[in-house]
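The next block holds one structure in the form of structure tokens; read it before the comments.
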Amino acid sequence: MPPTLNPADIISRVNRDVERSYLRARNGIRYVRGTHRPELGATPKDVVWKRHNAELWRYKGGTVRYGPPVLIVHSLVSRSYILDLRPGNSLVETWRKAGLDVFMLDWGVPDELDADNDLARYVDWYLPRAIEAVRRETGAEEVTLVGYCLGGVMSALYAAGHEQAPVRNLVLMATPMNFQEMGAMVAALGEGRMNPDDLIDETGNVPADVLYSGFYMQAPTVEIAQKATLLENLWNDQFVEGFQSMAQWARDHVPFPGAAFRDMVEELIRKNVLLTGSIRIANRRIDLDAARGDVLVAIAERDNVVPLAASTPAMEIVGDPARREEMRLPGGHVTFGTGRSAVKVTQPKMAQWIIEHSDELPEPLER
């Protein structure tokens with residue numbers, strides 16, 4: 001005989017299902033209408049340096065207990081708020097609470113004036129000036145340089161290409177080194193089935209929607225699966241808020257500066273020069289093993305944007321072999337910024353590594 005159901009349990013389940021039906025309807029209407037969008041990039045900050053569209057932010061809130069300051073260099077192809085997505089789900093917030101003085105170099109939205117920015121412009125002009133601005137703001141002699149995705153490539157080139165680079169630590173998050181192991185769009189560019197100038201518009205840059213299409217090519221069924229998961233959890237306000245945040249970021253790409261895109265295609269993709277350990281930038285050779293500082297290669301184990309085969313070579317070519325360390329983390333490409341494993345594992349674990357390679361300040365600083 002089937003077990004007898006308690007009437008109270010039946011009433012409770014009915015009430016739960018009725019409430020969830022109401023919440024699904026309410027949240028579904030909000031989602032379709034685009035109302036009740038979550039606040040993104042909410043950690044308070046000051047703009048402490050600016051050149052054209054690029055801005056250097058210094059985050060506020062909490063006590064700074066460790067130095068040197070941390071400068072995050074974001075990628076050129078997406079919005080930096082993935083690392084400060086929303087309160088309670090933010091790498092910036094976690095690191096600030098851990099006592100680190102956090103800065104972010106945000107590239108803004110490139111326009112016609114950015115079209116001629118090549119890799120050398122970012123490595124030899126923007127990065128040195130942003131780092132000097134951090135040093136002026138804090139009085140520190142060195143920085144911990146943290147690069148995310150292509151920001152990691154630029155950070156590694158800066159740390160290796162400037163003999164007196166004031167870099168105490170170099171942290172590479174999801175940073176590609178072997179571009180032959182990247183996705184479908186990269187393969188098409190590498191094999192010559194697409195050429196850079198075919199993708200560059202009248203502004204001299206690669207439009208944002210082209211970049212979105214390239215990411216979509218890598219996993220075309222993911223969006224369908226995500227929508228199905230949303231429908232299943234539409235009653236859950238917290239889930240819907242998180243889904244909206246990620247969906248907005250995933251579609252919120254920015255144009256890619258044309259000259260830097262050409263450099264990337266010709267040198268990083270077609271020649272795959274980073275895998276050789278050296279590259280020519282501004283008529284000089286940069287050897288990646290000359291990168292200054294202790295090096296942390298942080299890798300997401302299920303990254304489908306920068307797969308393991310693309311990121312792990314950094315452990316063989318960047319910095320002094322005796323000062324390299326690899327950290328494998330759960331999750332995908334965005335695990336550094338958001339998600340359950342990010343908050344519980346990735347963000348605090350990386351903060352701890354930085355603290356262990358930093359100094360405790362004699363007098364804590366309120367920010």
Going through the distances and angles, do Leu85 and Ser90 end up as a side-chain contact (heavy atoms from CB on, under 4.5 Å)? CA-CA 5 Å; Leu85 195 61; Ser90 162; 5.8 Å; no
Quick check, are the ring centers of Tyr148 and His333 under 6.0 angstrom apart?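 Distance test on ring centres: under 6.0 Å, yes.
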Do [X] and [Y] belong to the same hydrophobic cluster, where Ile, Leu, Val, Met, Phe, Trp and Tyr are linked whenever their side-chain heavy atoms lie under 4.5 Å apart, directly or via other members?
X	Y	result
Phe336	Met327	yes
Leu308	Phe179	yes
Leu329	Ile355	yes
Val70	Val64	no

Under-4.0 Å salt bridge between [X] and [Y]:
X	Y	result
Asp124	Arg284	yes
Arg135	Glu132	yes
Asp294	Arg323	yes
Glu301	Arg328	no
Glu360	Arg65	no
Arg168	Asp359	yes
Arg79	Asp106	no

Between Trp125 and Trp49, what is the ring plane arrangement, given parallel below 30°, perpendicular above 60°, and tilted in between?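 Ring orientation, 0 to 90° scale: tilted.
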Is the ring pair His357/Trp353 parallel, tilted or perpendicular, if the boundaries are 30 and 60 degrees?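 Taking Trp353 first and then His357, their aromatic rings lie parallel (interplane angle under 30°).
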Minimum heavy-atom distance [X]-[Y], with the two atoms named:
X	Y	value
Arg324	Ile317	NH2-C, 3.7 Å
Gly152	Thr175	CA-OG1, 3.4 Å
Arg270	Leu189	NE-O, 2.8 Å
Pro176	Leu274	O-CD1, 4.0 Å
Ala160	Ile286	CB-CG2, 3.7 Å
Leu170	Ala159	CD2-CB, 4.1 Å

Does the structure place the NZ or CZ of Arg51 under 6.0 Å from the centre of the six-membered ring of Tyr126, at an angle of no more than 45° from the ring's axis? no
Distance only, no hydrogens: is a donor on one side chain within 3.5 Å (strictly under) of an acceptor on the other, for Glu366 and Thr63?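 Checked: Glu366/Thr63 side chains pair up, N/O donor to acceptor below 3.5 Å.
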Using only heavy-atom distances, determine whether the side chains of Asp114 and Asn205 contain a donor-acceptor pair under 3.5 Å. no
Evaluate Asp84 against Lys45 for salt bridge (Lys or Arg N to Asp or Glu O under 4.0 Å), listing each step before the verdict. CA-CA 11 Å; Asp84 184 29; Lys45 57 184 178 287; 5.3 Å; no
Is atom NZ of Lys344 surrounded by more than 12 heavy atoms (other residues, nucleotides or ligands) closer than 6.0 Å?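 12 or below, so no.
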Can you tell me if Arg302 has over 12 outside heavy atoms packed within less than 6.0 Å of its CZ? no
In the structure I gave you, are the side-chain heavy atoms of [X] and [Y] within less than 4.5 Å of one another anywhere?
X	Y	answer
Asn89	Val343	yes
Leu296	Leu172	no
Ile72	Leu105	no
Leu361	Tyr66	no
Val306	Cys149	yes
Asp101	Arg58	yes
Tyr122	Asn117	yes
Glu141	Pro68	no

Between Tyr59 and Trp95, does a ring pair (Phe, Tyr, Trp, His ring centres under 6.0 Å) hold up when you go through it step by step? CA-CA 10 Å; Tyr59 290 94; Trp95 287 8; over 10 Å; no
Measure the [atom1]-[atom2] distance between [X] and [Y] for me, rounded to the nearest 0.5 Å.
X	Y	atom1	atom2	value
Ser78	Leu83	OG	CG	8.0 Å
Leu157	Ile279	CG	CD1	5.5 Å
Thr312	Asn178	OG1	CG	8.0 Å
Ile269	Asp263	CD1	CG	11.0 Å
Leu145	Tyr158	CG	OH	7.5 Å
Trp107	Ser75	CH2	OG	10.0 Å

Which residue is it: Asp197, Asp116, Asp118? I am looking for the one with a salt bridge (Lys or Arg N to Asp or Glu O under 4.0 Å) to Arg262.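 With Arg262 as partner, Asp197, Asp116, Asp118 yield a single salt bridge (Lys or Arg N to Asp or Glu O under 4.0 Å), made by Asp197.
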Name the residue from Leu288, Val297, Leu275 that meets the side chain to side chain contact (heavy atoms under 4.5 Å, CB included) definition with Pro313.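 For Pro313, the side chain to side chain contact (heavy atoms under 4.5 Å, CB included) test succeeds with only one of Leu288, Val297, Leu275, which is Leu275.
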